[in-house]
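Everything below concerns the one structure shown next.
Chain identifiers are assigned alphabetically (A, B, ...) following the order of the sequence lines, protein sequences preceding nucleic acid strands; residue numbering begins at 1 within each chain. From a predicted model like this one, the values you see are computed outputs, not experimental measurements.
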Amino acid sequence: MTDSAGLFIRGLTKTYANGIRALSDVDLDVPPGLYGLLGPNGAGKSTLMRTLATLQAPDCGEIRLDGLDVRAEPDHLRRRLGYLPQQIGAYPGVSGYDLLTRFSWLKGRTDARTRRAEIAALLERVNLTEAARRPVATYSGGMLRRFGIAMALIGAPRLLIVDEPTAGLDPAERNRFHRVLSEVASEAVVLLSTHIVEDVENLCARLAILAAGRIVVEGTPRELTARLEGQLWAQVVPRGEALSEAASASTVHLAAVPNGTLAVAQAPEAPSGDFVAHRPRLEDVYHVALAEAGVSEAAA
Amino acid sequence: MSALRHEALDELRAGLRSGVVGLIYVVLVGYLLMVLTSSDYLRDMGAVDIPRNAPSLVYLMTSGDAFFLFFAWAWVFAQPIVRDHSARLSEVVFAAPISLSGWLTARFLGALGVALLLGSSQIVGFLVAPVLEWLGAVPPGSMGPTPWGPLLWAWLVFTLPLAVGAGALYTIAAIRTRGLVGPFTVAAGLMTFWMVGMIVLKGAEVSPWLATLVDPSGFAEAEHQVEHWTPQEKSTALLAPTPRLILSRLLWCLVPLALLWLTFRRTTREALVVEPAARDPGSRTARPSRTAARWVAEPVTAPSWWSALRDEALWQLRQVLLRPRLWAALAFLTVLAMVGAFYHVVQHAEGPLVPRPERVAPMLTEMFFLIITFAVAGLVGITARRDHQIGLGEMFDATPAPAFVRLLGRLVAVFALTLILALLPGIGALLTTALIAPASLNLTIPLGYQLLVLAPALLELAAVTVLLHALIRAPGPAYAASVLAAFVMVVNYETNLISYPPLQIGIPVHITLSGLTGFSPWLEQVVLSGAFKGALVILLLALAAAVTPRGTETGWSMTWPLFRQRIRGTAGVVAGGAMLVLLLLSVVLHQGYRVKGSLEPLAVSLAKDARWEQHWLAAPAPFSVTGGNLVLRLDLGARSLEGHWTITGVQADGGLLHAELPNGFSLHSARVQGQPTPAIVEDDHLALQLGACPTNGCTVELAWSQVQSGWNAEARPAWLLHDSYWLHASEVLPQLGLDPKRVLRVPADRAEQGLRPRIALPEDRAAVSIDAAAPAGRWHWRVELVDAGEERGSGGLIEGPFDFAAAWQLDAQRSVHGETVFIHDATRTITAAQIAADLVAMRACIARRLGAAPAVSEVFQWPRGLEESTLAGDRLLLAEDPHWDVTDTGVGRWLRRATIASALARRQVRDATDLHQGSGSLWFSHSIPGALGLLCVADSDGIDAFAAVMEREADTVTQALAASAVPVGALLSARTDDWAGDYAPLAALDWTARQTPASFTALFAEIRNSQKLAVTLATWVGEPTGTLILGTPNASDLHVTGLPESVFGTRWHWHNGGWRMSNQAVEPWRYQQQAPWLYLDAWPGYERSPQDNRGSGN
């Protein structure tokens, strides 16, 4: 990453009127490519997304995109921004093509010929060409998400922010979506906010974990999992049995498995004889990070 | 059962928590209290001498509020279905082990509880009303005892059945649509039924039965009963459960309940839970672009935001215009407009009338104002919030397009929508005229009226709506606030609570259009008022731009800093410019309405009249004159008049000559015997010191000017325009004498102004002349135009009371019939010929009955709204409305004949008696001429016509007595412009029919000599007839039944605000000896239902 290419965030803080501090001194360097943002509910991911999308003003902090101060020139960012929020509704009485056309000139595509060409290309890219003339209100959930990404891609954005893009999609739709994101990431900064650790693990070159408004962990998946090599142990506790006290103290997360509960613990050595060495995955990194940050999963 | 009771209570609690109850109570109770403090509005409702919490007002307000509650109830009854659906809990709820129909019933009952609570706001309002007296907001004694019985009765008759029935319909619609769309559509349908019932059926007096049955609120029946009640009944009566009222309540309650029961039985859980599968519209395959696969996107550079604005505006316009349902609704309303025009005009009870654009367009605008106002509030709200979709709104806010692109694009759509709705009545008027009276078709008037008069007002409402939706983020409260704003504007339109036109936001300027003058009397007023409204619109939209949020942060803590930031930019510049324009225009409008015009708050008028009474009425002021010379110079360009009047032979007891002054009068000089004399000009009155006059009287000279370029707010056109003038002397000149109409009649007004309770009128010889500027004399007059040829001026000699008329308009048509010239507009040539025939017939009748009839050299189509019909000199000023609109057959023509005959008779009587407006003068100025008018209709058109005209007049009298703006008292001291003017002709019918020309001549001569009207009349007719004639109103009701024919009936006297049955037997006699005939009662009272007085001897 060159000195100025990419998204650069320093000291970003946001407190809402009800006193909740949603972002607390967030620092992030997001290079071009796919960057994952993980975190539990209420961590501040959506707040961060909306702040970057200029939909909210932070209390303080610095945001630069390719070296340009976003807070000083928000319109400059908006011209280079693609934003897909967590949910999009169905616009009544309007076809997909019409809505894309409208969004296009609002993104600054004011030349009609260029606009038409771009829309046709995007519709084909998200496989909605045949459904383009249908009302958006008739689209299925997956079609709506694809439509949303098409809208977000108008104007060849330099920064693409997608908030929980694959929630509720079937595996085929998710795969399709991932392929689109990967293509875009080859030339832009794509910030992917999600609960689905697997998506980040498979797609993102780098990631950060946000909890209680702070970045608790940041790095590549390999770097983050490498830190936990040799420290994780796993045991399958049969149904109806309890974990031993010693094991409970070092357990970082529990997962349901067909024959009981998989307990993963972090310790220099196996907490008890039933534990075996566990190869760390990104999900383990996630739970360890939350635990180290003092954010309980129950509260999350 | 317990679970279902919990569900019902839960629904009730949810409704109470929603805030809608509080909001409705604040608005409706506030509105009621506002109405009760407005004596103007209560005066218009005929509630001047009854308590302000009288039962009649309870019935009208309770049934009238239903119109606003329609939408509030729609929301309430939709909640049981919508709430769970919105929260995506439907599946959970309907998977529970409860009876579905039981659950639906329980929720319905809970919502009904909330609805009944909303509908009971009137009860709370009337219970709170006595606080107004305690606060001093109403005069002491204005409130009567709490009307518990009427409150409960009104709730049982109006609120309960409508809440149940409408609630059932809303619930059915909510089940079908699982959203608010269905219930709100039903609410719109109920409003439409209300409109058809109230405006089309009741307003055009088609059928009280139909009107009551079609109207879901019951207001039509309430109004129909109340408007025929005496003050006593208004203060005490329970609304009668007439068969049509009972049937209406049962229909609107039980039929929907039955439908609801069926719906509950047939509704399944699946229908409530599963989303309906979207119909596949047969997806059209987009043509694949040849470049699609190869096209590579480049980043956006140098966008043209003005191009984006153009595209955005067109897109928003398409969203409005390409909606089949909108056009279907507009087509329906247009058809409704045409039906309304047909019933209100063509089939009008006083018609048939020709549907001319100048009549139909304003009428339809008034008829549809209510529904158009609410439509603007709703549809503009939808347009303003179109982008408020989950997630999409954020995406739009994150685009780089400047805020003005989307905002102005929306405003273009708002503007287009408002214009379309404004044009709707005009289109209806055009189509009606095109179909029924194509010769009268005129595009300018209806379209001009809609664009110049209605559109600016609707744009004000639209701007308020846009601002409210910008300020209030949540859709529910935003829509509620904008509907409330529309409601407030409608209330003001109906009640005139705010009477200063520039402050009447959302209300069209009041004008009256004439086929002769068109817009010319109004152009300046309309254009400047329109500009004022336009500037206000721009200000409101600039404020909306300053507060329109961008982003996801909400709340007032964000709105204020945003406003402060944006108001420093373009929005502030625009707002500042708009405010500057408003300021300048408000000065101009103030000049037009207050300084030059006749607009005056009622309180100021009452205070003026009170000072006049205190200053001048106590001293003796009888006067006489012998004649004089008048020259009026009119300057059409400046719309001003200069007058010079020499009055000879002036003698006045008390040494003062009084005159009542017209609007805009400015005295330049006053001379007596050639010497300047002190003159007091105050409170629209002139008092001139005469000093010592010679035995043959003084010569008085008055020089003055009048500017006629001001405006008024009562839709009365100016008589002096740039291209025409319509001068009637008794309306334009100072009127010599004291005007009894200025004496305050309402006890509360007198008390407030510090006047004695006892009403004293000026002596007969001190009062102004009837229909004349001065008493009988030898009067020369001349009207000249500045910088114009002689053909546009006129002059003449009057020997008698001084009254004349002169008029000129370049485009007016002249047609000659016999020796009379008719001046009218180009579309009324055939009407002129019909009027000519009427004039010949009526002159002959009056000559036959009075011994002579005045000559008529010219007949003018007197512009609509200017004044009532009258004969001024030898010129008949026949009011355009309705007499130049009626067709050649029917009640309308008979009424025109009666009017012509009355005008001829009044002039004849006035000339013979030289009457002043003294005690009892009304008998001679209105009773006898009016009765002669009716008798001439009988002579010329037969008994059927006579009975039909009497029926119309009797109904008018009944309503006039009920709606009197002053307490009903004796005819001796009554004003002609109130109930007495309608009552007097019918009360004189019997006596007048029995007189001969010789008896009239003798009586008139006696009056002229003595000028003691009441005494002379009593001597002439004997007692107790004399007392009955000039006393409080009397009524008879004869019925003819049986074979052989027999007549029986009852008589009533008016006493203490109501009718008291008399113990005197009726004395029926036949009018016309050959069959068919009509029976009249031989006493001075009006026949309440003439239609059953007919006999034929068979």
Side-chain angles (χ1 to χ4, degrees), chain A residues 16-17 50 53-57 75-81 83-94 97-99 101-103 105-112 114 116-124 129-135 137-138 148 151-158 161, chain B residues 278-312 315-316 318-319 322-323 382 386-402 405-406 409 550-555 557-558:
Chain A
Y16 287 115
R50 288 198 292 262
T54 71
L55 294 172
Q56 288 177 185
D75 279 341
H76 179 85
L77 172 70
R78 288 182 185 133
R79 279 192 217 119
R80 289 158 180 72
L81 175 70
Y83 174 59
L84 178 62
Q86 192 167 348
Q87 275 182 291
I88 60 171
Y91 206 100
V94 175
Y97 188 88
D98 279 346
L99 197 54
T101 306
R102 183 188 175 207
F103 200 72
W105 66 62
L106 293 177
K107 286 287 281 285
R109 277 274 190 250
T110 50
D111 175 66
T114 311
R116 279 196 296 271
E118 181 177 32
I119 289 170
L122 284 172
L123 286 170
E124 183 134 344
T129 305
E130 287 188 12
R133 299 291 178 177
R134 278 171 42 190
T138 64
M151 280 180 72
L153 291 177
I154 288 174
R158 173 64 178 156
I161 300 172
Chain B
R279 261 188 314 158
D280 184 351
S283 55
R284 279 176 280 165
T285 307
R287 254 181 299 160
S289 161
R290 271 181 240 149
T291 59
R294 295 196 308 270
W295 196 86
V296 175
E298 293 290 331
V300 172
T301 52
S304 163
W305 294 122
W306 293 109
S307 300
L309 171 59
R310 176 203 62 215
D311 292 332
E312 178 73 3
W315 190 88
Q316 293 283 1
R318 281 199 301 274
Q319 303 315 306
L322 298 182
R323 299 277 176 188
I382 289 171
R386 201 185 297 283
D387 285 346
H388 291 213
Q389 308 296 330
I390 300 170
L392 286 173
E394 294 175 28
M395 294 179 79
F396 284 125
D397 285 343
T399 60
V405 170
R406 280 198 291 146
R550 186 173 189 166
T552 51
E553 294 195 274
T554 59
S557 58
M558 300 308 303

- Max heavy-atom pair count under 4.5 Å with chain A, selected residue of B/Arg318, B/Glu394, B/Met558: B/Glu394

- Query: Which atom pair, heavy atoms only, marks the closest approach of A/Ala53 to B/Ala398?
  - Reply: O-CB, 3.8 Å

- Applying a strict 4.5 Å limit to non-hydrogen atoms, the region of B/Arg386 in contact with chain A is both

- Query: Pick from A/Ala112, A/Gly89, A/Gly93: which one has the most heavy-atom pairs with chain B under 4.5 Å?
  - Reply: A/Gly89

- Picking from A/Arg78, A/Arg158, A/Gln56, A/His76, which has the most non-hydrogen pairs under 4.5 angstrom with chain B? A/Arg78

- Message: Which heavy atom of B/Gly391 sits nearest to which heavy atom of A/Pro85, and what is that distance?
- Response: O-CG, 3.4 Å

- Query: So which part of A/Asp98 gets closer than 4.5 Å to some heavy atom of chain B, the side chain, the backbone, both or neither?
  - Reply: both

- Item | Considering all heavy atoms, the nearest B/Trp305-A/Trp105 contact | CZ3-O, 3.4 Å

- Message: Quick check against the 3.5 Å criterion: does A/Thr110 have a side-chain atom that pairs as donor or acceptor with the backbone of B/Ser307?
- Response: no

- Query: With a 4.5 Å heavy-atom cut-off, do B/Gln316 and A/Arg102 have their side chains touching?
  - Reply: yes

- Item | Between B/Leu309, B/Leu322, B/Leu392, B/Ile390, the one whose heavy-atom pairs under 4.5 Å with chain A are most numerous | B/Ile390

- Message: Between B/Asp397 and A/Arg50, does the salt bridge (Lys or Arg N to Asp or Glu O under 4.0 Å) criterion hold? Intermediate values first, please.
- Response: CA-CA 11 Å; B/Asp397 285 343; A/Arg50 288 198 292 262; over 6 Å; no

- Message: Nearest 0.5 Å, please: how far is NZ in A/Lys107 from CE in B/Met395?
- Response: 7.0 Å

- Checked B/Ala302, B/Ser304, B/Gly393 vs chain A; the most non-hydrogen pairs under 4.5 Å come from B/Ser304

- Item | Region of A/Leu81 in contact with chain B, defined by heavy-atom distances below 4.5 Å | side chain

- Task: Salt-bridge test for A/Arg109 and B/Asp311: reply yes if a basic N is under 4.0 Å from a carboxylate O, no otherwise.
- Result: no

- Is atom CD of B/Glu553 surrounded by more than 12 heavy atoms (other residues, nucleotides or ligands) closer than 6.0 Å? yes

- Item | Member of A/Ile154, A/Asp75, A/Leu106 meeting the side chain to side chain contact (heavy atoms under 4.5 Å, CB included) criterion with B/Thr399 | A/Leu106

- Taking every non-hydrogen atom, the tightest pair across A/Ala156 and B/Pro299: CB-N, 4.0 Å

- Query: Where on A/Ala57 is there a heavy atom nearer than 4.5 Å to chain B: the side chain, the backbone, both, or neither?
  - Reply: both

